[in-house]
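Owing to the predicted nature of the structure, the values given are computational and were not obtained by experimental measurement. So that the names make sense, note that chain A is the first sequence line, chain B the second, and so on, each numbered from 1.
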Number of protein chains: 4
Amino acid sequence: MAGERRPGRPRSERTRRAILAAALEELREHGYGALTIEGIAARAGAGKPTIYRWWRSKADIVLDAMIDQAYTNIPLPDEGSFAADLVAFLNATFQQREQRPILIGLMAQALLDPVFAKAFRDRFLFSRRAELRKIVERAAQRGEVAADVDPELLIDVVYGVLCYRLMLDHLPLDEKAAEQIAALITRAAR
Amino acid sequence: MAGERRPGRPRSERTRRAILAAALEELREHGYGALTIEGIAARAGAGKPTIYRWWRSKADIVLDAMIDQAYTNIPLPDEGSFAADLVAFLNATFQQREQRPILIGLMAQALLDPVFAKAFRDRFLFSRRAELRKIVERAAQRGEVAADVDPELLIDVVYGVLCYRLMLDHLPLDEKAAEQIAALITRAAR
Amino acid sequence: MAGERRPGRPRSERTRRAILAAALEELREHGYGALTIEGIAARAGAGKPTIYRWWRSKADIVLDAMIDQAYTNIPLPDEGSFAADLVAFLNATFQQREQRPILIGLMAQALLDPVFAKAFRDRFLFSRRAELRKIVERAAQRGEVAADVDPELLIDVVYGVLCYRLMLDHLPLDEKAAEQIAALITRAAR
Amino acid sequence: MAGERRPGRPRSERTRRAILAAALEELREHGYGALTIEGIAARAGAGKPTIYRWWRSKADIVLDAMIDQAYTNIPLPDEGSFAADLVAFLNATFQQREQRPILIGLMAQALLDPVFAKAFRDRFLFSRRAELRKIVERAAQRGEVAADVDPELLIDVVYGVLCYRLMLDHLPLDEKAAEQIAALITRAAR
DNA sequence: GGTTAATCGAGACGGTACGTCTCGTCTTATT
DNA sequence: AATAAGACGAGACGTACCGTCTCGATTAACC
């Protein structure tokens with residue numbers, strides 16, 4: 001049964017939310033690199049053991065916090081063509097400005113910590129890939145994707161460029177970039 | 001004149017090398033996340049202030065150490081076609097196994113620290129991009145790259161996929177991947 | 001109420017004692033000049049922050065440790081005369097051999113650090129002066145101290161000679177010295 | 001022979017003086033506790049090895065610097081009586097305000113370092129004691145000192161009170177103190 | 001309505017590494 | 001041979017967080 005209750009005082013939903021909110025605020029103000037469990041606990045008015053009881057690391061907290069935000073999902077209306085769908089998707093993704101510092105922190109953590117990398121993949125990135133996969137599948141039904149093209153590789157290319165530019169910051173991720181990337185992908189899919 | 005000598009005891013080249021070597025050994029044994037300046041100093045038989053005199057952070061040390069290694073340059077013999085050149089380049093890149101943990105650490109650091117990101121870009125990644133750019137230019141001379149294709153975007157795509165898979169580790173970077181990526185790039189370049 | 005409890009884990013009395021004991025042992029073995037907070041922490045099996053949480057400097061630790069020792073109080077039985085009382089007091093003081101290196105360290109620190117000097121005065125030296133003051137008052141009741149003699153100056157003289165000889169070590173602080181000093185003081189008090 | 005010349009560049013008197021002056025200036029500005037060899041060298045425009053070649057420690061430098069100053073000698077005109085001589089001597093001593101921080105530092109060092117204590121005694125304090133001894137001897141010739149009074153103890157008492165009050169700073173060293181101390185000493189000497 | 005048990009806050013604890021400071025020694029070229 | 005300059009190995013400094021612990025207080029379900 002899902003409704004089973006354990007004895008004792010139940011977990012405080014109020015505290016859980018305060019911790020996630022505090023983490024995001026600290027991140028916004030000081031950046032991911034300056035995040036500390038102590039700082040989060042202090043801002044949330046929570047005890048450190050409370051945090052350690054429920055999360056393994058600061059990355060896990062931030063991941064939870066990001067997933068808790070509803071706006072992570074991107075609507076995917078059919079724009080009529082693969083290229084148009086891609087441009088719409090990329091622009092929607094690029095416009096989530098406040099996610100950028102969060103994402104960068106989690107990417108760094110995933111690089112350093114394979115255990116967190118798995119959680120990051122399973123709980124966040126794979127759902128993002130699934131969105132893009134829908135677009136590719138829609139394009140395949142329209143006949144815009146050749147049979148010998150691996151959809152997973154197309155997805156890797158899109159997110160790869162995003163990831164690479166987030167890290168290097170040598171070229172912008174703007175509307176022009178969206179169109180360029182979309183053009184390249186559609187060309188490669190033919 | 002560039003050859004002017006500053007007064008005082010000159011910097012010890014011996015110590016410099018010992019520190020870079022110690023950093024790589026520590027990294028190999030314990031991973032980038034467990035790297036400490038104290039550990040490097042101890043292993044190198046150097047004092048901590050000596051390290052701080054010459055490097056700003058452990059990432060700077062590792063970057064210097066990696067650049068010092070001669071084998072970072074990849075030979076680029078003309079394989080006759082864009083696809084063959086790309087496959088050769090990618091396989092040569094993938095085979096540098098021992099660079100992988102180093103690269104992952106530096107990428108994480110670049111994500112967290114914009115100042116280091118600039119150094120990483122200027123002193124390492126741009127020279128890597130230049131290699132790939134030569135291949136693209138060769139292909140353009142052969143007529144394998146359409147005029148309206150931005151070579152920089154092609155380079156971003158290649159390194160983007162590499163970077164993304166290094167981070168996620170959801171798909172391997174092996175010979176099959178090299179061929180798939182090369183096929184996609186050549187197709188997109190047409 | 002004084003008995004109120006502050007929230008949080010209470011201070012560990014066990015650790016407090018371990019630190020004070022470790023400080024005295026280190027001092028005994030290596031001398032005050034070679035005392036280090038790190039050494040005390042290591043010997044006590046405590047963390048450095050624990051020490052800094054409760055003490056401002058190594059001198060404060062040593063002062064606490066010395067005061068904690070019960071044997072710092074000197075019994076003052078009435079020997080019948082001012083001179084006899086003084087001789088008894090001085091001999092008792094001189095015989096506390098193991099206090100000497102401690103005292104010397106604290107005196108040095110008091111010279112260098114006015115803030116510590118105040119603590120040293122208020123928490124240790126003034127109680128020592130009070131003991132001697134009792135002897136002087138007893139002598140005054142016996143009529144052995146002239147009305148125009150300032151008892152505080154008499155006390156300063158006694159401790160001054162002690163302090164000066166501890167520093168210079170040009171003359172011993174033995175039974176003969178005790179008698180000489182007592183004779184001089186009684187003569188001066190008349 | 002005193003006129004012997006050793007080969008090589010002779011010691012720079014200019015540098016020696018610069019170092020002693022720099023030590024006193026640093027001491028005046030930041031206090032003895034904050035004195036560092038590096039700071040002295042930097043201010044003197046000298047190299048650290050030059051300092052270490054000629055002095056064993058910063059205390060030795062300061063001792064040299066203080067002795068170099070001519071004004072350390074106190075004139076001892078005959079005031080006609082032991083008490084008057086003492087008052088004059090004490091007031092002259094008390095008025096050397098700028099010597100106080102120097103003296104305090106050297107006293108602290110002497111407490112911590114027996115090797116320096118010997119140098120301090122032999123090169124500075126014994127000459128001070130000699131001055132006071134002259135006054136006592138003058139008083140003895142006048143019949144103001146009883147035969148069974150040890151002049152050395154009288155000297156110890158005077159310097160002991162000075163030393164003790166310098167350390168504790170619980171009572172001032174002013175004209176009133178000079179008279180009180182002189183009165184006590186003359187009384188004790190009778 | 002009292003008991004029980006898990007949670008909460010607070011904060012002290014043993015640790016580790018940080019980045020800095022100063023030490024006393026060394027290695028240069030210069031004087 | 002002595003100097004200035006300054007790099008070096010060494011090691012303690014005082015601080016920041018870590019992740020764990022011990023408290024008393026709180027909060028619900030259960031008896």
Side-chain angles (χ1 to χ4, degrees), chain A residues 5-12 14-16 18 34-42 44-54 56-58, chain B residues 5-16 18 34-42 44-54 56-58, chain C residues 5-16 18 34-42 44-54 56-58, chain D residues 5-12 14-16 34-39 41-42 44-54 56-58:
Chain A
R5 280 288 281 104
R6 289 190 303 171
R9 178 174 175 176
R11 177 173 182 187
S12 162
R14 184 184 149 76
T15 293
R16 184 185 147 271
L35 259 194
T36 64
I37 300 275
E38 297 214 326
I40 296 169
K48 279 199 291 173
T50 304
I51 293 183
Y52 283 104
R53 204 190 322 275
W54 302 107
R56 288 178 49 267
S57 70
K58 63 182 188 178
Chain B
R5 281 275 287 100
R6 288 192 308 167
R9 178 175 174 176
R11 178 175 181 185
S12 162
E13 176 61 19
R14 185 183 148 76
T15 292
R16 184 187 145 269
L35 259 193
T36 64
I37 301 274
E38 296 214 326
I40 296 170
K48 277 198 292 175
T50 302
I51 294 184
Y52 283 105
R53 208 191 320 278
W54 302 108
R56 289 177 48 267
S57 69
K58 63 183 188 178
Chain C
R5 280 273 287 99
R6 288 193 309 168
R9 178 173 173 177
R11 177 173 184 184
S12 162
E13 176 63 18
R14 185 184 148 78
T15 293
R16 185 185 145 271
L35 257 194
T36 65
I37 301 274
E38 296 214 326
I40 296 171
K48 276 199 291 175
T50 301
I51 294 184
Y52 284 106
R53 206 191 322 277
W54 301 109
R56 291 177 49 268
S57 69
K58 63 183 188 178
Chain D
R5 277 288 277 105
R6 288 187 304 170
R9 178 173 172 179
R11 176 174 184 185
S12 160
R14 184 184 148 76
T15 293
R16 185 184 147 271
L35 259 194
T36 65
I37 300 275
E38 301 213 324
K48 279 198 292 172
T50 303
I51 293 183
Y52 282 106
R53 186 169 305 112
W54 301 107
R56 289 178 49 267
S57 71
K58 64 182 187 178

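- Residue Arg56(D) has no polar side-chain atom (N or O) positioned under 4.0 Å from OP1 or OP2 of dG24(E).
- Here dC18(F) presents its C1' atom at 13 Å from CD1 of Ile40(A), a figure rounded to the nearest Å.
- Ile51(C) approaches Ile40(C) most closely through the heavy-atom pair CD1-CG2, 4.0 Å.
- Nearest-nucleotide positions on DNA chain E for Thr36(B) and Ser12(C) put Ser12(C) closer to the 5' end.
- Taking the centre and axis of the six-membered ring of Trp54(C), the NZ or CZ atom of Arg16(C) falls outside the cone set by 45° and 6.0 Å.
- Counting any heavy atom pair closer than 4.0 Å across all strands shown, Gly39(B) reaches no nucleic acid atom.
- Within the 4.0 Å cut-off from OP1 or OP2 of dC8(F), at least one side-chain nitrogen or oxygen of Trp54(B) is found.
- Minimum atom distance to the side chain of Lys48(B) is reached by dA12(F), of the listed dG24(E), dA5(F), dA12(F).
- Using a 4.0 Å heavy-atom cutoff across all strands shown, Ala46(D) reaches sugar-phosphate atoms only and no base atom.
- In this model, the phosphate group of dA7(F) is not approached by any side-chain N or O of Thr15(B) to a distance below 4.0 Å at OP1 or OP2.
- Rounding to whole angstrom units, CZ of residue Arg16(A) and P of dC8(E) are separated by 12 Å.
- Residue Lys58(C) contributes atom NZ, which lies 10 Å from atom C1' of dA12(F) at whole-angstrom precision.
- For the OP1/OP2 pair of dG9(E) and a distance below 4.0 Å, the side-chain nitrogens and oxygens of Thr50(A) include at least one atom meeting the criterion.
- In this structure, the nucleotide among dG19(E), dT25(E), dT20(F) sitting nearest to the side chain of Pro49(D) is dT25(E).
- Sequence order on DNA chain F of the closest nucleotides to Gly45(D) and Glu13(B) puts Gly45(D) first from the 5' end.
- Taking atom CZ of residue Arg11(B) and atom P of nucleotide dG6(F), one finds them 16 Å apart after rounding to whole Å.
- Interface remark: the Arg9(B) side chain does form a donor-acceptor pair with the dC26(E) base, using a distance-only criterion of under 3.5 Å.
- Side chains of Arg53(C) and Thr50(C) form a contact here, defined as non-hydrogen atoms less than 4.5 Å apart.
- Checking dA12(E), dG19(E), dG24(E) against every side-chain atom of Glu38(B), the shortest atom distance belongs to dG19(E).
- Rounded to an integer number of Å, the gap from Arg14(A) CZ to dT27(F) C1' is 14 Å.
- Mapped onto DNA chain E by nearest heavy atom, Arg53(C) and Ile37(B) fall at different nucleotides, with Arg53(C) at the one closer to the 5' end.
- Straight-line distance from the CD1 atom of Ile51(A) to the C1' atom of dA10(E): 13 Å, rounded to whole Å.
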